[in-house]
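Everything numeric here is computed off the predicted structure, so don't read it as measured data. Read the numbers this way: they start at 1 and go in the same order the structure lists the ligands and their atoms.
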Amino acid sequence: MKFFIDTANIDEIKKAASYGFLDGVTTNPSLMAKEGISDQDGRIKAICALTSGPVSAEVLSTEPETMLAEARHLASLATNVVIKLPLTMTGLKTTKILANEDIHVNVTLVFSALQALLAAKAGAAYISPFVGRLDDTGVDGLGIVEDIQTIYSNYGYETEIIVASIRNPQHVLRAALLGADISTIPFSVINQLASHPMTQQGLATFLADHARAKEIKT
Ligand code: E4P
């Protein structure tokens with residue numbers, strides 16, 4: 001499973017990249033706003049310079065003409081930009097046009113398997129089901145991911161599933177057990193992935209035993 005980081009924060013991206021398992025980045029307007037950014041071009045270019053993996057940049061226009069123009073503009077910023085479009089009819093129509101131009105689209109705000117089917121038919125390179133937000137409504141978010149996988153395998157769609165809106169390591173574990181293509185993970189959760197209390201405890205014991213053995217020898 002590929003690991004993307006879900007952030008627009010440069011330090012977080014640098015740190016995650018230094019861990020050695022960063023395969024790409026996803027951003028969204030809320031994450032940009034959190035960084036105090038209202039014009040995303042500069043930040044998208046800076047992120048693209050930090051990774052050769054795909055970097056999703058979200059289009060803000062909702063009307064057909066402006067959505068297409070904004071998407072083409074974002075795609076011109078760097079070769080690894082992926083255009084993030086919402087799962088609306090306009091978004092799907094624009095996805096189809098961009099896919100025909102070999103521009104990769106990540107269809108976002110996916111909350112049902114049928115929406116995911118439409119995105120694949122439109123030629124999306126990626127789709128982003130929001131599992132955490134679904135869980136919040138009492139629906140099993142990863143259950144939707146499983147349904148999407150079944151549908152895609154029934155018809156041989158190559159659209160990659162980015163498990164999004166991840167809130168905890170359990171989401172990452174279940175995504176991996178399902179064989180999802182990608183998880184896009186907040187920095188705080190990336191840091192939780194390696195930690196286990198027994199690892200810390202075991203390490204403390206090893207170091208204490210070693211120190212004792214050294215003391216006895218001297
Ligand atoms: C996906 O690409 C989105 O940026 C993201 O995962 C949304 O997550 P949230 O529900 O934590 O805002």
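- In His171, the NE2 atom is crowded: over 12 heavy atoms of neighbouring residues, nucleotides or ligands sit closer than 6.0 Å.
- In this structure, the protein non-hydrogen atom closest to atom 2 (O) of ligand 1 is Lys84 NZ, 2.6 Å.
- When hydrophobic residues (I, L, V, M, F, W, Y) are linked wherever their side-chain heavy atoms come within less than 4.5 Å, the members clustered with Leu177 are Leu173.
- If you check which protein heavy atom lies closest to atom 4 (O) of ligand 1, you get Asn28 ND2, 2.7 Å.
- More than 12 heavy atoms of other shown residues, nucleotides or ligands fall within 6.0 angstrom of atom CZ in Phe21.
- Atom 12 (O) of ligand 1 has as its closest protein heavy atom Arg133 NH2, 2.8 Å.
- With distances taken over non-hydrogen atoms, the option nearest atom 10 (O) of ligand 1 out of Ser183, Ser165, Gly132 is Ser165.
- Heavy-atom proximity to Ala164, at under 4.0 Å, picks out these atoms of ligand 1: 1 (C), 6 (O).
- Other residues, nucleotides and ligands contribute at most 12 non-hydrogen atoms within 6.0 Å of the CD atom of Glu65.
- Connectivity analysis of hydrophobic side chains (ILVMFWY, heavy atoms under 4.5 Å, direct or indirect) links Phe206 to nothing; its cluster partners are none.
- Polar contact with ligand 1: absent for Thr27 (N/O pair, distance under 3.5 Å).
- On a distance-only criterion, Asp6 and ligand 1 share at least one N/O pair closer than 3.5 Å.
- By the 3.5 Å distance cut-off applied to N or O atoms, Thr184 is not counted among the residues near ligand 1.
- Although no hydrogens or angles enter the test, the distance criterion places a donor-acceptor pair under 3.5 Å between the side chain of Thr51 and the main chain of Gly53.
- The shortest contact between atom 7 (C) of ligand 1 and any protein heavy atom is with Phe130 CE2, 3.5 Å.
- Between Lys214 and Asp209 there is no salt bridge, since no side-chain N of the basic residue sits under 4.0 Å from a carboxylate O of the acidic one.
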